[in-house]
Amino acid sequence: MKHLLALTFLLLQLNFAMAQNEILFNSALNLANDIQSGKITSRQVVSAFIAQIEKENSSYNAVVLLNKEAALKRAEEADAALAAGEMWGKLHGLPITLKDNFKTKNIITTAGYPLLRNSVPDMDAEVVKLLLAEGAIIIGKTNLSVLAMDMQADNPVFGKTNNPWDTTRTSGGSSGGCAAALSSGMTPLTFGNDLAGSIRLPSAYCGVFGFKPSFGTVSLKGIQTD
C-alpha cells in the first residue's frame, strides 16, 4: 500500500511538471490564444512563471524585481474580464518581463545605476503603455549593464546575469537579463532595447529569438538613461 501511495504521488508530481512545461516553454502567441479561448486561465499562466522565477532565478540572476502580488491580482482581473465578455487586447492576461531601464509607474526602475537604486517613476515608458493597453501583465524587471552601456549584463546594483546554458559564461548585454529569463522559462515574452547589439547579442548567446526593430519604429520615450 505504501508503494502504491508513493507511486501515485510520483505520478501526480510528473503530471504537474508536464503541465508546467506546457506553459513555461510554450510560445507567447499560443499562451495568449489559450488564455483568450478559455483553455487556461491568466492566473494559471502568471502563477507558473512566477513559480519558475522563484525556483530558477537564484542560479541565473536574470529577473531583478518580481512584481508578484500586483501581477497575480491583475491576472485575476483579466480572468474576470474574460468571463464577463471583455477583451483587453491581443496580450490579454499574458505575463511579460521588461528590461530594467524601461520606466514603469510605481515599480522601481534602476537601469543598473546605483544612484537610481530606489527610483520609482511616476510614468510608464511609451512601450510599456502600449503593452499594458493590449492587456499584458508585468511580472518582473530584468537585469542589464549599467545604463545599458556594456555588452554584458552586470551592474553594482544587482550583480551579474549568468548564461542559462553555462553559468560560467556571460548572457551578453545589455539586455542579458531578458534573454536569460526567456531561455530559462521564466517569461514567455520580454522586452529590451538595442543600440549596438543589446538585443541581438544576448539572444545569440542564450539561444533565443530576438528582434531589433528599425530605428525610429519604436518610441524611446521613457527609457531611463540618467
Side-chain angles (χ1 to χ4, degrees), residues 27-29 31-33 35-36 42-43 45-46 49-50 53 62-82 84-113 116-144 147-149 153 174-179 181-182 186-195 198-200 202-203 209-226:
S27 73
L29 179 61
L31 289 174
N33 288 337
I35 291 170
Q36 292 167 27
S42 173
R43 170 80 189 211
V45 175
V46 168
F49 283 103
I50 287 175
I53 292 169
V63 178
V64 294
L65 186 144
L66 182 59
N67 193 37
K68 182 176 180 177
E69 298 306 322
L72 289 171
K73 182 176 183 293
R74 190 60 173 160
E76 291 173 356
E77 292 170 351
D79 291 332
L82 274 182
E86 179 186 346
M87 175 71 73
W88 292 344
K90 297 180 180 67
L91 303 178
H92 186 114
L94 182 74
I96 64 168
T97 54
L98 300 163
K99 187 176 179 179
D100 190 33
N101 66 345
F102 283 110
K103 289 184 178 180
T104 42
K105 187 176 181 180
N106 299 328
I107 302 174
I108 290 176
T109 303
T110 75
Y113 187 45
L116 296 172
R117 185 186 297 269
N118 299 310
S119 175
V120 182
D122 59 3
M123 60 166 284
D124 287 319
E126 288 301 306
V127 169
V128 178
K129 289 179 183 177
L130 292 171
L131 292 167
L132 294 178
E134 288 294 337
I137 297 174
I138 300 170
I139 57 170
K141 305 291 286 290
T142 59
N143 207 22
L144 71 165
L147 297 174
M149 295 300 290
S174 60
S175 306
C178 290
L182 188 63
M186 293 192 284
T187 183
L189 187 62
T190 186
F191 292 84
N193 29 64
D194 185 322
L195 178 64
S198 288
I199 289 175
R200 292 163 288 173
S203 299
F209 176 79
F211 176 72
K212 177 190 179 298
S214 299
F215 185 78
T217 303
V218 178
S219 174
L220 300 179
K221 184 178 180 181
I223 294 178
Q224 188 74 269
T225 57
D226 55 31

Say you draw a straight line from CG of Leu94 to NE2 of His92; how long is it, rounded to the nearest 0.5 Å?
10.5 Å

Verdict with supporting geometry, Leu132 and Ile138, side-chain contact (heavy atoms from CB on, under 4.5 Å)
CA-CA 8 Å; Leu132 294 178; Ile138 300 170; 4.1 Å; yes

About how many Å separate CD of Glu134 and CH2 of Trp88, when rounded to the nearest 0.5 Å?
12.5 Å

If you measure from CD on Glu76 to CZ on Arg43, what distance do you get to the nearest 0.5 Å?
4.5 Å

Of the non-hydrogen atoms in Pro188 and Ala28, which two are nearest, and what is the gap between them?
O-CB, 3.6 Å

If the test is side chain to side chain contact (heavy atoms under 4.5 Å, CB included), which one of Ile107, Leu131, Ile223 qualifies with Phe102?
Ile223

For residues Thr104 and Leu98, determine if any side-chain heavy atom of one lies less than 4.5 Å from a side-chain heavy atom of the other.
yes

Could you tell me which non-hydrogen atom of Gly93 sits nearest to which non-hydrogen atom of Val46, and how far apart they are?
O-CG2, 4.2 Å

Kindly compute the distance separating CD1 (Ile35) from CG (Leu82), expressed to the nearest 0.5 Å.
8.5 Å

Identify which one of Thr109, Thr110, Asn67 satisfies the side chain to side chain donor-acceptor pair (under 3.5 Å) criterion when paired with Lys141.
Thr109

Backbone of Lys90 reached by a side-chain donor or acceptor of Gln36 within 3.5 Å
yes

Is any NZ, NE, NH1 or NH2 atom of the basic residue among Glu69 and Lys73 found under 4.0 Å from an Asp or Glu carboxylate oxygen of the other?
no

Find the distance between CG (Leu195) and OG (Ser175) and round it off to the nearest 0.5 Å.
11.0 Å

Quick one: are Leu147 and Asn101 in side-chain contact, heavy atoms under 4.5 Å?
no

Taking all non-hydrogen atoms of both residues, which atom of Gly176 and which atom of Ala153 are closest, and how far apart?
CA-CB, 3.8 Å

For Thr217 and Pro213, which heavy atoms make the closest approach, and how far apart are they?
CB-CB, 4.3 Å

Just checking, is any N or O donor in the side chain of Lys99 or Ser174 under 3.5 Å from an acceptor N or O on the other one?
yes

How close do Gly140 and Val63 get, heavy atom to heavy atom, and via which atoms?
CA-CG1, 4.3 Å

side-chain contact (heavy atoms from CB on, under 4.5 Å), that's the test. Do Lys103 and Asp124 meet it? Break it down for me.
CA-CA 5 Å; Lys103 289 184 178 180; Asp124 287 319; over 6 Å; no

State, with a plain yes or no, whether a side-chain heavy atom of Asn143 is found less than 4.5 Å away from one of Asp100.
no

Atom CD1 of Ile96 and atom OG1 of Thr142: how far apart are they, to the nearest 0.5 Å?
10.5 Å

Can you tell if the side chain of Thr97 reaches within under 4.5 Å of the side chain of Phe191, non-hydrogen atoms only?
no

Within a strict 4.5 Å, meaning less than it, do heavy atoms of the Val127 and Val218 side chains meet?
yes

Answer yes or no: is there an ion pair linking Arg200 with Asp194, defined by an N-O contact shorter than 4.0 Å?
yes

Lys129 atom NZ: more than 12 heavy-atom contacts under 6.0 Å
yes

Restricting to non-hydrogen atoms, name the atom on Leu144 and the atom on Ala111 that form the minimum distance, rounded to 0.1 Å.
CD2-C, 3.8 Å

How about Pro95 and Val45: do any of their side-chain heavy atoms sit closer than 4.5 Å?
yes

Around atom NZ of Lys212, are there more than 12 heavy atoms of other residues, nucleotides or ligands at under 6.0 Å?
yes

Which is it for Leu220 and Phe215 under the side-chain contact (heavy atoms from CB on, under 4.5 Å) test, yes or no, and what are the steps along the way?
CA-CA 10 Å; Leu220 300 179; Phe215 185 78; 4.1 Å; yes

Stepwise, does the side-chain contact (heavy atoms from CB on, under 4.5 Å) test hold for Ser42 with Arg74?
CA-CA 9 Å; Ser42 173; Arg74 190 60 173 160; over 6 Å; no

